[in-house]
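A short write-up of the structure that comes next.
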Amino acid sequence: MKKIGFIIMFLLFFPMLIMGQENPTARRSASMSIKGSVKEKSTRKAIEGAEITILGKGTITTDIFGDFRVQAQVGDELVISHDTFNTVRYTIIDGQRIDIEVDDHPVVKKTKIALEKKRESTYRSNLKAAKGALKKDAATSIEYITNALETVRDDDPSSDNKKAELFETLADIYKHWKQPDLAESNYLMSLKNRASTEVKIKLGSAQLENKNFQGALNTFSQLERSRLNPEQKVRVSQGLGDSYKGLQDFSNARLNYNKALSISQRKNFDDKIISLNSSLAEVLQEEGNIKDAEGYLDNSVQLAQRKDKKTSAKQRAVAADFYNKNNSFDKEIQLRKEALEDIEDIEERKVDYNAPVEEDNALTSQVQNYKIASAFAAQEEYDEAIPYLEESIKEAESKNDLIVQKDATRKLGEVYREKGELKKASDAFEDYEVIIDKLYIQKDQEISQAARFSRELAQRANRITTLEKDRELNEARYELAFASQELINQQSLRQQNVIYFLIGLTLLLLLAAYLMFRNMKQQRYANNLLALKSLRSQMNPHFIFNALNSVNTFIATSDERTANRYLTDFSLLMRAVLENSEEDFIPLEKEIELLRLYVQLEHFRFQDKFEYTVEVDPEIDVNEYLIPPMLLQPYVENAVWHGLRYKSKKGVLSIRFQKVTSDSIEITILDNGIGRKKSKELKTQNQKLQKSRGMGNIKKRIAILNKMYKDKVDVFISDLENDEEGTQVKLMLKKDK
């Protein structure tokens, strides 16, 4: 019975023993979810579309990140294949992640090498072309930089060096074409990709040109602690001197100039010695040490004489300007005559050899002749001044230099007037009026060209900025997608990082948009200033012509005393107008003085036509209000010439300045002339065809001023009512806040 029971128990437990022995094997052969990736061995770049085959179980492909996930067992063999590399086999030994690194297929590797060589060749040829076109065509040169930048890949080991080189060249282009703000930003971009002492020195120079003296001081101060060669030490010390001079710290400026001069003298850097002597002379002059300043200046002139003619002429001109400021006119004249000889020699050699010479506005024969004449005139040696003025006018006319021609013609008229030769003075002022009209047209063309040039540079600069932004955004998208893929199986902390990244990216884009908006706003502001300067530079040709006609009338009637008196008052008005022509705004007190003088002249000519009053509210502080120069004169001129002049009875012109609020005043110009309607009817056919340039310019000026300063000036013109003839102009002027 015991045996039977034992057999029965054995039969019952045997299957269980069998099952217990099979369990470990079952566990080892269970299917697992295994993750992995396929990447290039040399670059760690993910390979998309690689086929992962499990023999007998099917095939999957890698995603854009080179990742894959398979269901497999220990012992299964994976076959990894793709067109770009040789097939790889891998046997699964556990459930850990599989990271497979592959070598390029020989054919693919050869193709990649060929493409890299082609990109390198394209990069070098475009960079060379950009440098070649740098001083000839800014837009073309920037286009070459853009083409070169497009060849730079992020996986290129030398990408940072290439971008540093490209941004440095781009900054050199902007610096040469007088865009120091853009040059400064691009030098910073170059330094961001690669540190360079030479580029940092260029950055400091661009900051000096941009009047960013504190920024330049910081840059050169950092460089002072770097390892520099002698030539770089001189440039850094000179840069520090220029920075301190710009900040009006003349003591430190002199200290750094002397440091640079000491090194230059030891190393025989002649060009630097010359420029540093001039800089020291300028600083000493600012400090009031004229004697020592003359010593440094004489040294620079003597050293320059040993160099080429251009250097000699330039330094003599600098020294002459110094002596002009100190009223040493004899020394100034001698230096300018010597400089003039050098300039004439340079111009002759330029014609003989057809060699390009860098333009320098001061180093021209017309400028030096004009300044020599001005020095003679300052000493009242008018007979000596006249030949130089005539030569300056002749040279300026032949070279289409309207600026110098205008100044020389005006000076010639003043000299003849001082000599008492009023007919010649009148002829000179008539020529001056013609030149002013030509200069207005030229300035208008220059404004259009400058605006077009700025737009072209901005378009090309925006393309480079967009290219870099696209590169950054593509990298950001890749990182964002990779982070999103990892977030599926990672902790919530990764999700927060992605959110922070998106916030940072948004802020970056908003900052970029703000900077672009600010740059466009600054550009519009600069264009408005340029337009205002152009309009300010115009005299009133109609007024000058009429005034000189009156002088001729007085002379024709043998009333020389009256003519002389009128011409003297007229010259005072013209001098005051020209003195204020470079100012955007002048105190209201000066404008009232100019207006009184102008009305006095008009009343002098038309005494039988009108009387006038100028009333200023005693509550107005005329020094607190600022007004554009000669803003009111065209309205007064219209009142006299188109209203009161045609009135049969004697009229009245009233000019009143009345305080309205604490920060605004009302200016009223009232006449009881014939009115605008009758004045229009009296115009001849020729007058109707002519446009009033004075009123047109004043409308443009007011429009630009209101755009820049938010409705600073309001003008209202109306006809008098209640059966009264005449015109009323009301102008509201607001105080600057």
Side-chain angles (χ1 to χ4, degrees), residues 13-119 153-159 474-498 501:
F13 285 102
F14 181 75
M16 297 178 65
L17 292 171
I18 297 298
M19 290 179 65
Q21 292 173 353
E22 289 178 349
N23 278 341
T25 305
R27 286 195 295 269
R28 287 196 297 270
S29 61
S31 178
M32 299 176 291
S33 177
I34 301 174
K35 294 190 294 183
S37 66
V38 182
K39 297 181 179 179
E40 288 184 359
K41 189 174 184 178
S42 57
T43 63
R44 300 289 299 168
K45 183 179 179 182
I47 298 177
E48 180 184 4
E51 294 182 348
I52 314 297
T53 302
I54 306 175
L55 295 178
K57 295 184 180 179
T59 301
I60 62 171
T61 58
T62 57
D63 60 20
I64 60 172
F65 306 106
D67 293 337
F68 65 88
R69 183 193 297 266
V70 296
Q71 293 292 325
Q73 298 174 332
V74 174
D76 283 347
E77 185 178 41
L78 304 182
V79 180
I80 301 97
S81 61
H82 195 266
D83 295 338
T84 62
F85 58 82
N86 292 323
T87 300
V88 176
R89 294 177 180 271
Y90 182 86
T91 300
I92 296 176
I93 59 175
D94 55 30
Q96 298 297 317
R97 179 180 176 86
I98 304 169
D99 291 314
I100 299 172
E101 296 180 350
V102 297
D103 293 319
D104 288 340
H105 191 281
V107 176
V108 175
K109 190 172 184 179
K110 187 176 181 180
T111 303
K112 285 185 176 180
I113 292 172
L115 288 173
E116 288 174 0
K117 287 183 177 179
K118 184 177 180 181
R119 281 196 298 268
R153 296 184 58 178
D154 293 326
D155 57 0
D156 185 350
S158 61
S159 62
N474 286 335
E475 293 176 0
R477 290 191 192 104
Y478 179 84
E479 293 174 5
L480 182 59
F482 182 77
S484 299
Q485 182 71 17
E486 289 294 322
L487 277 174
I488 297 172
N489 299 310
Q490 295 294 331
Q491 301 175 357
S492 61
L493 181 62
R494 296 289 181 89
Q495 186 175 7
Q496 293 177 3
N497 290 336
V498 173
F501 173 79

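Note that the coordinates shown come from a computational prediction; the quantities given were computed from them, not determined experimentally. All residue numbers refer to positions in the sequence shown, counting from 1. Note: hydrogens, waters and symmetry copies are ignored here, and every other heavy atom, side chains too, is used.
When all heavy atoms of Glu48 and His82 are compared, the pair lying nearest together is O-NE2, 3.4 Å. The minimum heavy-atom distance between Arg69 and Ile60, with the atom names listed, is O-CD1, 3.1 Å. What you find for Gln96 and Ile34 is that their closest heavy atoms are O-CG2, 3.6 Å. Residue Ala46 comes nearest to Lys39 through the heavy atom pair CA-CG, 4.1 Å, listed as atom of the first residue, atom of the second, then distance.
Listed by chain and residue number, nothing satisfies the side chain to side chain donor-acceptor pair (under 3.5 Å) test with Ser81 (two or more places apart in sequence, or in another chain).
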Practice item. Show your working on side-chain contact (heavy atoms from CB on, under 4.5 Å) between Leu78 and Ile92 and close with a plain yes or no. Key: CA-CA 8 Å; Leu78 304 182; Ile92 296 176; 4.1 Å; yes
Review point. Can Val74 and Asp94 be said to form a side-chain contact (heavy atoms from CB on, under 4.5 Å), step by step?
Key: CA-CA 6 Å; Val74 174; Asp94 55 30; 5.5 Å; no
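In this structure, the side chain of Thr62 does not engage the main chain of Phe68 through any donor-acceptor pair within 3.5 Å.
Under the side-chain contact (heavy atoms from CB on, under 4.5 Å) rule, Ile52 has a single partner from Thr59, Ile100, Thr61, Val38, which is Val38.
Side-chain contact between Glu40 and Ile47 is present, with at least one heavy-atom pair separated by less than 4.5 Å.
Look at Asp99 and Arg97 and you find a salt bridge, because one of the NZ, NE, NH1 or NH2 atoms lies within 4.0 Å of a carboxylate O, short of that distance.
Glu101 CD to Ser37 OG: the interatomic distance, rounded to the nearest 0.5 Å, is 8.0 Å. The distance from atom CD of Gln71 to atom CG of Asp76, rounded to the nearest 0.5 Å, is 11.0 Å.
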